[in-house]
Amino acid sequence: MSELDKLEFVGREEHLNRIISHVQEPNLHVVLVEGRGGIGKTWLLRALQSRLNQVEIGTSEIIDCDMPVFKDAEDLCTQIAKQLYDYTYKEWLLQLRQLREDENRLSRIAYEQERRQLEKFLVDEINRKSSQQRLVFIIDTVEKLGQEEVREEIWKYISDLCHQLDNAVFIFAGRPSIARQILEKSFKEEELTYLELNEFTHEDVQTYILSKEEQLHFTLGQELAKKIIILSGGSPIMIEFGVEYAYREVIPDWLESEDIETIPDIGLLFDF
(Lines give C-alpha, C1' and ligand atoms only; values in the text may rest on other atoms or scores of the structure.)
Protein backbone atom coordinates (compact mmCIF):
# COMPACT_ATOMS: atom_id res chain seq x y z
CA MET A 1 0.00 0.00 0.00
CA SER A 2 1.42 3.39 -1.04
CA GLU A 3 1.50 6.46 1.18
CA LEU A 4 -1.26 7.93 -0.98
CA ASP A 5 -3.51 4.95 -0.30
CA LYS A 6 -3.06 5.47 3.45
CA LEU A 7 -4.31 9.08 3.42
CA GLU A 8 -6.98 9.91 5.92
CA PHE A 9 -10.32 11.32 4.86
CA VAL A 10 -10.16 15.12 4.80
CA GLY A 11 -12.62 17.89 4.04
CA ARG A 12 -16.09 16.36 4.43
CA GLU A 13 -16.10 15.48 8.12
CA GLU A 14 -19.31 17.40 8.79
CA HIS A 15 -21.19 15.55 6.04
CA LEU A 16 -19.71 12.24 7.13
CA ASN A 17 -20.72 12.71 10.75
CA ARG A 18 -24.20 13.83 9.77
CA ILE A 19 -24.79 10.70 7.71
CA ILE A 20 -23.47 8.41 10.44
CA SER A 21 -25.79 10.10 12.90
CA HIS A 22 -28.76 9.87 10.54
CA VAL A 23 -28.40 6.17 9.72
CA GLN A 24 -28.78 5.36 13.41
CA GLU A 25 -32.15 7.11 13.58
CA PRO A 26 -34.81 4.36 13.79
CA ASN A 27 -37.33 6.03 11.44
CA LEU A 28 -34.88 6.87 8.66
CA HIS A 29 -35.09 4.87 5.41
CA VAL A 30 -33.11 6.87 2.84
CA VAL A 31 -30.16 9.27 2.62
CA LEU A 32 -29.75 10.97 -0.76
CA VAL A 33 -26.40 12.64 -1.51
CA GLU A 34 -26.23 14.77 -4.64
CA GLY A 35 -23.54 16.86 -6.31
CA ARG A 36 -21.86 17.45 -9.64
CA GLY A 37 -19.16 15.18 -11.03
CA GLY A 38 -15.80 15.39 -9.26
CA ILE A 39 -17.31 16.90 -6.10
CA GLY A 40 -16.31 13.93 -3.90
CA LYS A 41 -19.43 11.74 -3.63
CA THR A 42 -17.67 8.40 -4.11
CA TRP A 43 -14.83 9.50 -1.87
CA LEU A 44 -17.37 10.33 0.84
CA LEU A 45 -19.05 6.93 0.42
CA ARG A 46 -15.75 5.09 0.83
CA ALA A 47 -15.02 6.94 4.06
CA LEU A 48 -18.58 6.30 5.22
CA GLN A 49 -18.30 2.58 4.54
CA SER A 50 -15.10 2.40 6.58
CA ARG A 51 -16.56 4.36 9.51
CA LEU A 52 -19.79 2.37 9.65
CA ASN A 53 -17.88 -0.89 9.73
CA GLN A 54 -15.97 0.45 12.74
CA VAL A 55 -19.22 1.03 14.69
CA GLU A 56 -20.52 -2.45 13.84
CA ILE A 57 -23.30 -1.43 11.49
CA GLY A 58 -23.77 -3.95 8.71
CA THR A 59 -22.59 -2.10 5.62
CA SER A 60 -22.70 -3.24 2.00
CA GLU A 61 -20.03 -2.88 -0.60
CA ILE A 62 -20.45 0.27 -2.68
CA ILE A 63 -22.85 -0.72 -5.46
CA ASP A 64 -22.02 1.38 -8.54
CA CYS A 65 -24.87 1.84 -11.01
CA ASP A 66 -22.49 3.08 -13.72
CA MET A 67 -22.43 -0.38 -15.31
CA PRO A 68 -24.30 -1.75 -18.35
CA VAL A 69 -25.95 -4.47 -16.22
CA PHE A 70 -28.15 -1.93 -14.40
CA LYS A 71 -31.09 -1.86 -16.80
CA ASP A 72 -33.98 -2.19 -14.34
CA ALA A 73 -34.88 -2.40 -10.65
CA GLU A 74 -34.26 -6.14 -10.55
CA ASP A 75 -30.64 -5.60 -11.60
CA LEU A 76 -30.12 -3.33 -8.61
CA CYS A 77 -31.89 -5.82 -6.36
CA THR A 78 -29.55 -8.53 -7.62
CA GLN A 79 -26.60 -6.58 -6.25
CA ILE A 80 -28.48 -5.98 -2.99
CA ALA A 81 -29.20 -9.72 -2.66
CA LYS A 82 -25.49 -10.36 -3.23
CA GLN A 83 -24.76 -8.44 -0.01
CA LEU A 84 -26.88 -10.86 2.05
CA TYR A 85 -26.52 -14.60 2.64
CA ASP A 86 -25.12 -16.90 -0.09
CA TYR A 87 -28.42 -18.77 -0.07
CA THR A 88 -30.34 -15.54 -0.62
CA TYR A 89 -28.24 -14.56 -3.62
CA LYS A 90 -28.51 -17.98 -5.27
CA GLU A 91 -32.26 -18.22 -4.65
CA TRP A 92 -32.80 -14.69 -5.91
CA LEU A 93 -30.98 -15.49 -9.17
CA LEU A 94 -33.06 -18.63 -9.69
CA GLN A 95 -36.34 -16.81 -9.09
CA LEU A 96 -35.30 -13.82 -11.20
CA ARG A 97 -34.37 -16.06 -14.13
CA GLN A 98 -37.77 -17.75 -13.86
CA LEU A 99 -39.50 -14.36 -13.77
CA ARG A 100 -37.78 -13.21 -16.94
CA GLU A 101 -38.58 -16.47 -18.70
CA ASP A 102 -42.23 -16.05 -17.72
CA GLU A 103 -42.54 -12.42 -18.85
CA ASN A 104 -43.79 -13.24 -22.35
CA ARG A 105 -45.65 -16.40 -21.33
CA LEU A 106 -47.82 -15.14 -18.48
CA SER A 107 -50.63 -12.61 -18.53
CA ARG A 108 -49.72 -9.16 -17.26
CA ILE A 109 -51.61 -9.74 -14.02
CA ALA A 110 -49.93 -13.10 -13.40
CA TYR A 111 -46.51 -11.65 -14.22
CA GLU A 112 -46.93 -8.74 -11.80
CA GLN A 113 -48.04 -11.17 -9.09
CA GLU A 114 -44.90 -13.26 -9.61
CA ARG A 115 -42.81 -10.09 -9.56
CA ARG A 116 -44.33 -9.02 -6.24
CA GLN A 117 -43.55 -12.45 -4.79
CA LEU A 118 -39.93 -12.04 -5.82
CA GLU A 119 -39.83 -8.60 -4.19
CA LYS A 120 -41.36 -10.06 -1.02
CA PHE A 121 -38.65 -12.72 -0.94
CA LEU A 122 -35.93 -10.04 -0.98
CA VAL A 123 -37.71 -7.88 1.62
CA ASP A 124 -38.09 -10.89 3.94
CA GLU A 125 -34.40 -11.76 3.57
CA ILE A 126 -33.25 -8.20 4.27
CA ASN A 127 -35.53 -8.02 7.31
CA ARG A 128 -34.25 -11.38 8.52
CA LYS A 129 -30.63 -10.23 8.39
CA SER A 130 -31.40 -6.77 9.78
CA SER A 131 -33.06 -8.35 12.81
CA GLN A 132 -29.49 -9.05 14.00
CA GLN A 133 -28.06 -5.57 13.26
CA ARG A 134 -28.93 -2.43 11.35
CA LEU A 135 -28.06 -2.69 7.67
CA VAL A 136 -26.86 0.07 5.36
CA PHE A 137 -26.82 -0.33 1.58
CA ILE A 138 -24.57 2.16 -0.25
CA ILE A 139 -25.44 2.83 -3.89
CA ASP A 140 -23.44 5.20 -6.09
CA THR A 141 -23.97 6.90 -9.49
CA VAL A 142 -27.75 6.53 -9.19
CA GLU A 143 -28.39 8.90 -12.10
CA LYS A 144 -27.26 5.99 -14.33
CA LEU A 145 -29.76 3.54 -12.88
CA GLY A 146 -31.88 2.08 -15.67
CA GLN A 147 -32.78 3.30 -19.12
CA GLU A 148 -34.07 6.87 -19.20
CA GLU A 149 -37.61 5.87 -20.19
CA VAL A 150 -38.05 3.59 -17.15
CA ARG A 151 -36.20 5.57 -14.45
CA GLU A 152 -39.35 6.96 -12.87
CA GLU A 153 -40.79 3.44 -12.58
CA ILE A 154 -37.52 2.16 -11.08
CA TRP A 155 -37.46 4.85 -8.38
CA LYS A 156 -41.06 4.15 -7.47
CA TYR A 157 -40.14 0.48 -7.12
CA ILE A 158 -37.17 1.37 -4.90
CA SER A 159 -39.34 3.63 -2.75
CA ASP A 160 -41.84 0.84 -2.24
CA LEU A 161 -39.03 -1.58 -1.35
CA CYS A 162 -37.55 0.81 1.25
CA HIS A 163 -40.94 1.28 2.91
CA GLN A 164 -41.15 -2.44 3.64
CA LEU A 165 -37.82 -2.71 5.46
CA ASP A 166 -37.69 -2.87 9.24
CA ASN A 167 -34.11 -1.98 10.12
CA ALA A 168 -32.25 -0.94 6.98
CA VAL A 169 -31.15 2.33 5.38
CA PHE A 170 -30.31 3.05 1.75
CA ILE A 171 -27.70 5.68 0.96
CA PHE A 172 -27.97 6.86 -2.64
CA ALA A 173 -25.39 9.15 -4.24
CA GLY A 174 -25.25 10.73 -7.66
CA ARG A 175 -25.66 13.80 -9.79
CA PRO A 176 -29.01 15.62 -9.57
CA SER A 177 -31.73 13.45 -11.12
CA ILE A 178 -35.36 12.43 -10.92
CA ALA A 179 -34.54 10.45 -7.77
CA ARG A 180 -34.98 13.37 -5.36
CA GLN A 181 -38.37 14.36 -6.76
CA ILE A 182 -39.80 10.85 -6.41
CA LEU A 183 -38.24 10.11 -3.02
CA GLU A 184 -39.51 13.37 -1.53
CA LYS A 185 -43.04 12.45 -2.62
CA SER A 186 -42.74 8.92 -1.25
CA PHE A 187 -41.29 9.52 2.21
CA LYS A 188 -42.15 11.57 5.25
CA GLU A 189 -39.65 14.20 6.37
CA GLU A 190 -38.26 12.04 9.18
CA GLU A 191 -37.77 9.10 6.78
CA LEU A 192 -35.58 10.88 4.20
CA THR A 193 -32.45 13.00 4.53
CA TYR A 194 -31.02 15.00 1.64
CA LEU A 195 -27.45 16.31 1.46
CA GLU A 196 -25.96 18.42 -1.31
CA LEU A 197 -22.19 18.46 -1.79
CA ASN A 198 -20.80 21.78 -3.01
CA GLU A 199 -17.34 22.92 -4.03
CA PHE A 200 -14.78 23.54 -1.31
CA THR A 201 -14.33 27.18 -0.35
CA HIS A 202 -10.85 28.66 -0.75
CA GLU A 203 -10.40 28.29 2.99
CA ASP A 204 -11.46 24.63 2.79
CA VAL A 205 -8.90 24.02 0.04
CA GLN A 206 -6.13 25.60 2.10
CA THR A 207 -7.05 23.42 5.10
CA TYR A 208 -7.20 20.36 2.86
CA ILE A 209 -3.77 21.01 1.35
CA LEU A 210 -2.19 21.56 4.78
CA SER A 211 -3.67 18.27 6.01
CA LYS A 212 -2.34 16.40 2.98
CA GLU A 213 1.11 17.94 3.36
CA GLU A 214 1.18 16.84 6.99
CA GLN A 215 0.08 13.30 6.18
CA LEU A 216 2.54 12.90 3.29
CA HIS A 217 5.42 14.71 5.03
CA PHE A 218 6.15 16.99 2.09
CA THR A 219 5.53 20.59 1.10
CA LEU A 220 3.90 21.76 -2.12
CA GLY A 221 5.47 25.19 -2.06
CA GLN A 222 3.58 28.48 -2.00
CA GLU A 223 3.27 28.97 -5.75
CA LEU A 224 1.99 25.47 -6.49
CA ALA A 225 -0.39 25.56 -3.54
CA LYS A 226 -1.82 28.88 -4.76
CA LYS A 227 -2.34 27.45 -8.25
CA ILE A 228 -4.19 24.42 -6.90
CA ILE A 229 -6.41 26.60 -4.71
CA ILE A 230 -7.48 28.76 -7.66
CA LEU A 231 -7.42 26.36 -10.62
CA SER A 232 -9.11 23.40 -8.90
CA GLY A 233 -12.33 25.40 -8.69
CA GLY A 234 -12.98 23.83 -5.30
CA SER A 235 -13.29 20.37 -6.84
CA PRO A 236 -11.93 17.73 -4.43
CA ILE A 237 -10.90 15.42 -7.25
CA MET A 238 -8.84 18.17 -8.93
CA ILE A 239 -7.23 19.10 -5.61
CA GLU A 240 -6.41 15.46 -4.98
CA PHE A 241 -4.89 15.09 -8.46
CA GLY A 242 -2.81 18.22 -7.97
CA VAL A 243 -1.45 17.08 -4.60
CA GLU A 244 -0.90 13.51 -5.77
CA TYR A 245 1.04 14.50 -8.88
CA ALA A 246 3.11 17.02 -6.93
CA TYR A 247 3.94 14.31 -4.39
CA ARG A 248 5.11 12.08 -7.24
CA GLU A 249 6.98 15.04 -8.77
CA VAL A 250 4.93 14.88 -11.97
CA ILE A 251 3.11 18.20 -12.40
CA PRO A 252 -0.02 18.01 -14.65
CA ASP A 253 -0.34 20.42 -17.60
CA TRP A 254 -3.23 22.35 -16.04
CA LEU A 255 -0.91 23.35 -13.19
CA GLU A 256 2.39 23.67 -15.02
CA SER A 257 1.19 25.72 -17.99
CA GLU A 258 -0.60 28.39 -15.95
CA ASP A 259 1.62 31.30 -14.96
CA ILE A 260 0.98 32.39 -11.38
CA GLU A 261 1.13 36.02 -12.52
CA THR A 262 -1.85 35.53 -14.87
CA ILE A 263 -4.21 34.46 -12.05
CA PRO A 264 -6.04 37.68 -11.10
CA ASP A 265 -6.04 39.09 -7.57
CA ILE A 266 -4.51 35.96 -6.06
CA GLY A 267 -2.54 38.03 -3.60
CA LEU A 268 -5.72 39.59 -2.27
CA LEU A 269 -7.36 36.25 -1.59
CA PHE A 270 -4.73 34.48 0.46
CA ASP A 271 -2.21 35.24 3.11
CA PHE A 272 0.79 32.94 2.71
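For the single chain, residues carry numbers from 1 onward in sequence order. All values derive from a computational prediction rather than experimental measurement.
Remark: side-chain polar atoms of Thr201 are paired, donor with acceptor, to backbone N or O of Asp204 under 3.5 angstrom. Under the 3.5 Å distance criterion, the side-chain polar atoms of Asn127 are matched with a main-chain donor or acceptor of Asp166. A donor-acceptor pair under 3.5 Å is formed between the side chain of Thr59 and the backbone N or O of Ile57. With Gln83 contributing its side chain and Glu61 its backbone, the two residues share a donor-acceptor pair below 3.5 Å. Within the 3.5 Å criterion, the main-chain N or O of Asn17 finds no donor-acceptor partner in the side chain of Ser21. Remark: side-chain polar atoms of Glu143 are not paired, donor with acceptor, to backbone N or O of Pro176 under 3.5 angstrom. Side-chain atoms of Ser177 come within 3.5 Å of backbone N or O of Ala179 as a donor-acceptor pair. Put simply, the side chain of Glu153 never gets that close to the backbone of Val150: no donor and acceptor are under 3.5 Å apart. Formation of a donor-acceptor pair under 3.5 Å by the Ser60 side chain with backbone atoms of Ile138 is found in this model. With Ser131 contributing its side chain and Arg128 its backbone, the two residues share a donor-acceptor pair below 3.5 Å.
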Lys41 and Leu45: CA distance, side-chain angles, deciding distance, side-chain contact (heavy atoms from CB on, under 4.5 Å) verdict: CA-CA 6 Å; Lys41 298 181 296 294; Leu45 295 183; 5.6 Å; no
Working for salt bridge (charged side-chain N to carboxylate O under 4.0 Å, His left out), residues Arg51 and Glu13: CA-CA 11 Å; Arg51 295 281 181 91; Glu13 285 290 340; 3.1 Å; yes
Intermediate values then yes/no, side-chain contact (heavy atoms from CB on, under 4.5 Å), Phe70 and Lys144: CA-CA 8 Å; Phe70 284 90; Lys144 299 280 189 177; over 6 Å; no
Chi angles and distances behind the side-chain contact (heavy atoms from CB on, under 4.5 Å) call for Phe172, Ile158: CA-CA 11 Å; Phe172 299 109; Ile158 291 170; 3.5 Å; yes
From CA spacing to verdict: salt bridge (charged side-chain N to carboxylate O under 4.0 Å, His left out), Glu244, Arg248: CA-CA 6 Å; Glu244 178 176 334; Arg248 293 176 175 173; 2.9 Å; yes
Step-by-step side-chain contact (heavy atoms from CB on, under 4.5 Å) determination, Leu99 to Tyr111: CA-CA 8 Å; Leu99 176 71; Tyr111 171 77; 3.4 Å; yes
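Looking at heavy atoms from C-beta onward, Ser232 lies out of side-chain contact with Ile237 at the 4.5 angstrom threshold. Using a 4.5 Å heavy-atom threshold, the side chains of Leu197 and Glu34 count as separate. At least one side-chain heavy atom of Ile230 sits under 4.5 Å from a side-chain heavy atom of His202. Under the 4.5 Å side-chain criterion, counting only non-hydrogen atoms from C-beta, Phe200 is not in contact with Thr207. At a threshold of 4.5 Å between non-hydrogen side-chain atoms, the residues Glu223 and Lys226 do not count as touching. Looking only at side-chain heavy atoms (C-beta outward), Ile62 and Arg46 come within less than 4.5 Å of each other. Under the 4.5 Å side-chain criterion, counting only non-hydrogen atoms from C-beta, Glu119 is in contact with Asp160.
Atom CD1 of Ile109 is surrounded by 12 or fewer heavy atoms from other residues, nucleotides or ligands within 6.0 Å. Counting non-hydrogen atoms of neighbouring residues, nucleotides and ligands closer than 6.0 angstrom, the CD atom of Glu101 exceeds 12 such neighbours. By the 6.0 Å contact criterion, CD on Glu149 is enclosed, its count of non-hydrogen atoms from other residues, nucleotides or ligands being greater than 12. Residue Lys82 places its NZ atom among 12 or fewer non-hydrogen atoms of other residues, nucleotides or ligands, all under 6.0 Å distant.
In this structure, Trp92 and Phe121 have parallel ring planes: the angle between them is below the 30° cut-off, well short of the 60° mark. Between Phe187 and His163, the ring-plane angle classifies as parallel under the 30° and 60° cut-offs.
The two residues Ser159 and Ile182 come nearest to each other via the heavy atoms OG-CG2, 4.1 Å.
Partner of Ile171 under the side-chain contact (heavy atoms from CB on, under 4.5 Å) criterion, out of Leu32, Ile139, Ile19, Asp140: Ile19 alone. Under the salt bridge (Lys or Arg N to Asp or Glu O under 4.0 Å) rule, Asp72 has a single partner from Arg100, Arg151, Arg115, which is Arg100. The one candidate from Leu135, Asn167, Asp124 that meets the side-chain contact (heavy atoms from CB on, under 4.5 Å) condition with Lys129 is Leu135.
Side-chain polar atoms of Asp75 and Gln79 form no donor-acceptor pair below 3.5 angstrom.
Taking the six-membered ring wherever Trp is involved, the centroid distance between the rings of Tyr89 and Tyr87 does not fall below 6.0 Å.
Between Lys156 and Glu152 there is a salt bridge, since at least one side-chain N of the basic residue sits less than 4.0 Å from a carboxylate O of the acidic one.
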